[in-house]
Amino acid sequence: MADIDVVPTEFRNVEFTADQIRGVVARLLVEAGLVDHPGIGSVRIEVDESTPLSKVVTQSLEPLVICAQSGALEDRRRTRHFGGDEAADALGRAVFAAADRLDPTFDGPAFDADVGVAHAVAWDCHVVGRMARLGHRPQRQRRLYSFELRHGFSDATVAAFDRLWSAERLTWAEIVAISDDARSVVGAA
Amino acid sequence: MRKAFPPEDLARDSRFARVDRMDQIADPRAASGQGGGRPNQRLTPDRADSADAARSLMHGIFVGEIQALEGAGRTCWDFETGTDGAPFALKLDMARQCWDEARHCEISVKLSEHMGTEIGEFGESAFLYQAACNPDPVLRLTGVNRALEGLAIDVFNTMKEFGSISADPVLEFCEDWMLADEVTHVKMGSDWLRKLTEDDPERRANALEFQRVVDKLFSFGGFRGEDDESPVILARRFRELAGFGTDEIDEIAAISAEARDEAKAHRASLAAQG
């Protein structure tokens with residue numbers, strides 16, 4: 001099992017503990033097949049507790065470094081408290097996307113490439129669909145709404161979303177094609 | 001039945017979680033500002049977090065509708081018809097508003113389902129209902145129908161525009177229909193304020209001052225305004241339709257800007273304290 005470092009080790013602005021975050025990430029690494037990945041080495045989760053926003057950025061793949069704003073790990077019902085489902089969702093998307101990138105058959109975009117909101121959301125849907133089948137909170141309609149916002153509201157968009165959601169493993173080219181096809185149907189491209 | 005029902009006793013099932021507005025204000029992360037320092041908070045589909053931002057706002061609208069229903073319902077009950085300065089026709093308007101707000105609750109639940117939000121997924125603050133607890137019916141109506149329902153006009157118009165630019169007909173039409181009701185509710189407040197204080201300029205002045213206080217509180221340090229920094233835009237045209245004069249709308253814009261500047265100064269002070 002890779003070492004999981006959480007920074008900071010003690011929180012001042014939020015009621016989180018490093019162990020809570022470490023526990024969530026340990027499970028995700030197993031589920032994403034990264035636990036014994038030779039390139040990962042140690043895993044570092046950096047939490048910015050100065051802001052309630054919820055952006056999560058993967059800063060490096062090898063070693064895996066994920067930076068999360070504290071709002072991403074927060075219980076939406078309790079200000080400043082840790083939310084297990086919210087953290088699994090936010091960090092899970094980053095961990096599973098990292099696993100995709102480290103899989104040569106995925107043939108993902110360059111690490112520093114700007115993939116655009118529509119393609120990023122399509123990738124998210126594919127990731128969260130896989131996580132849902134592993135027992136994480138699915139929130140399928142939430143993901144469908146996010147997908148529709150960037151691909152148009154139509155039956156064709158729902159069908160495209162279902163392909164992303166239910167597929168066990170897609171390549172980056174397949175994700176991009178599904179996204180582009182959906183956008184072209186409603187003239188959103 | 002009790003009169004002047006306390007906010008902490010509002011009936012909710014186990015799905016709902018109450019949050020204390022003071023906890024949110026005291027959050028040390030507030031030093032990063034409304035929107036965490038993001039320069040442009042306007043809701044647009046190209047914002048990476050727009051789906052979740054819209055879901056959160058929609059849930060806020062939903063619980064706001066519940067509290068608006070509770071507030072209008074209390075106004076029907078808390079005052080004696082005639083003797084407390086609450087004419088029967090005013091109560092009839094409040095009863096009609098209850099009907100509207102109940103329908104808005106149903107619409108908001110459906111919209112939340114459409115956006116993938118569960119009831120109670122976000123915390124509920126009762127501060128909207130708290131503003132509906134003033135013991136003077138004129139002040140209550142001014143605070144609720146002119147200040148809070150006025151804010152609802154701004155919020156619904158913002159959500160309607162978001163539905164329009166994201167080509168989401170469900171959101172756009174639902175918000176438009178609710179917006180029409182809100183204009184009526186604000187107009188009721190404007191009309192009753194003038195009618196009930198026709199011969200009492202001091203009471204009118206007190207009511208308008210109470211409205212200013214509520215307007216400022218609900219500007220949330222820059223939440224509502226007329227520039228790109230504001231997630232919710234002051235809807236001038238709809239406010240005119242609801243009986244606001246240009247000078248009154250200018251005053252709300254000034255109050256919102258003042259609230260934003262005060263919040264910025266507060267954040268700077270918090271940041272300086274480390």
Side-chain angles (χ1 to χ4, degrees), chain A residues 11-16 47-57 69-72 74-81 83 85-86 89-90 93 114-121 124-125 128 137-154 157 161 183 186-188, chain B residues 15-38 41 43-56 58-59 111-125 162-163 165-172 267 270-271 274:
Chain A
F11 294 88
R12 291 170 53 198
N13 292 345
V14 290
E15 305 283 329
F16 299 176
V47 181
D48 178 359
E49 60 167 338
S50 71
T51 171
L53 289 184
S54 51
K55 193 172 180 180
V56 176
V57 175
Q69 294 176 324
S70 67
E74 182 178 23
D75 185 341
R76 291 195 194 94
R77 295 155 56 92
R78 292 180 74 203
T79 308
R80 299 172 58 210
H81 285 76
D85 283 339
E86 287 85 351
D89 176 66
R93 284 184 286 141
D114 178 7
V115 298
V117 175
H119 291 166
V121 166
D124 253 2
C125 295
V128 179
R137 186 167 62 165
Q139 293 197 301
R140 181 185 176 281
Q141 185 63 30
R142 172 187 173 193
R143 299 298 162 194
L144 172 60
Y145 175 67
S146 179
F147 187 72
E148 287 177 318
L149 263 187
R150 283 63 179 235
H151 295 83
F153 291 80
S154 73
T157 308
F161 170 82
R183 281 161 64 83
V186 293
Chain B
R15 291 172 296 179
F16 291 82
R18 180 67 53 83
V19 295
D20 188 339
R21 179 75 183 135
M22 289 313 294
D23 287 345
Q24 294 173 319
I25 291 170
D27 186 341
R29 299 172 300 170
S32 65
Q34 171 85 37
R38 186 191 293 117
Q41 298 179 59
L43 203 50
T44 58
D46 55 357
R47 235 176 79 180
D49 66 341
S50 58
D52 280 344
R55 287 181 341 103
S56 169
M58 191 62 234
H59 195 274
L111 275 177
S112 293
E113 284 173 6
H114 167 67
M115 299 164 95
T117 307
E118 295 148 27
I119 290 176
E121 186 177 333
F122 300 87
E124 176 190 11
S125 162
F162 180 64
I165 57 175
S166 56
D168 179 354
V170 175
L171 182 64
E172 183 183 1
R267 290 195 296 270
L270 285 176

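Naming convention: chains lettered A, B, ... in sequence-line order (proteins, then strands); numbering from 1 in each chain.
- Side-chain contact check for B:H59 versus B:E124: every heavy-atom pair is 4.5 Å or farther apart.
- When only modelled atom types and interatomic distance are considered, A:R150 and A:S146 share a side-chain donor-acceptor pair under 3.5 Å.
- At a 4.5 Å heavy-atom cutoff, the contact between A:E49 and chain B is made by backbone atoms alone.
- With a 4.5 Å cut-off on non-hydrogen atoms, A:V121 does not touch chain B at all.
- Neither the backbone nor the side chain of B:D20 comes within less than 4.5 Å of any heavy atom of chain A.
- Interface remark: A:E74 contributes side-chain atoms only to the contact with chain B (heavy atom separation under 4.5 Å).
- Using modelled atom types, no side-chain atom of A:R93 and backbone atom of A:V128 make a donor-acceptor pair closer than 3.5 Å.
- At a 4.5 Å heavy-atom cutoff, the contact between B:D46 and chain A is made by backbone atoms alone.
- Proximity of B:R15 to B:E118: side-chain heavy atoms (C-beta onward) are nowhere separated by under 4.5 Å.
- Taking the six-membered ring for Trp and thresholds of 30 and 60 degrees, B:H114 and A:Y145 have ring planes more than 60 degrees apart, a perpendicular arrangement.
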Does the salt bridge (Lys or Arg N to Asp or Glu O under 4.0 Å) test come out yes or no for B:E121 and A:R137, once each step is laid out?
CA-CA 12 Å; B:E121 186 177 333; A:R137 186 167 62 165; 5.0 Å; no
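- Contacts between B:S50 and chain A at a heavy-atom distance below 4.5 Å involve backbone atoms as well as side-chain atoms.
- When heavy atoms are compared at a cutoff of 4.5 Å, A:S54 does not approach chain B at all.
- Summarising the local packing, CZ of B:R18 is surrounded by more than 12 heavy atoms from other residues, nucleotides or ligands at distances under 6.0 Å.
- If you measure heavy-atom distances from B:S166 to chain A, the contacts under 4.5 Å come from both the backbone and the side chain.
- Within the 4.5 angstrom heavy-atom criterion, only backbone atoms of B:F16 (N, CA, C, O) approach chain A.
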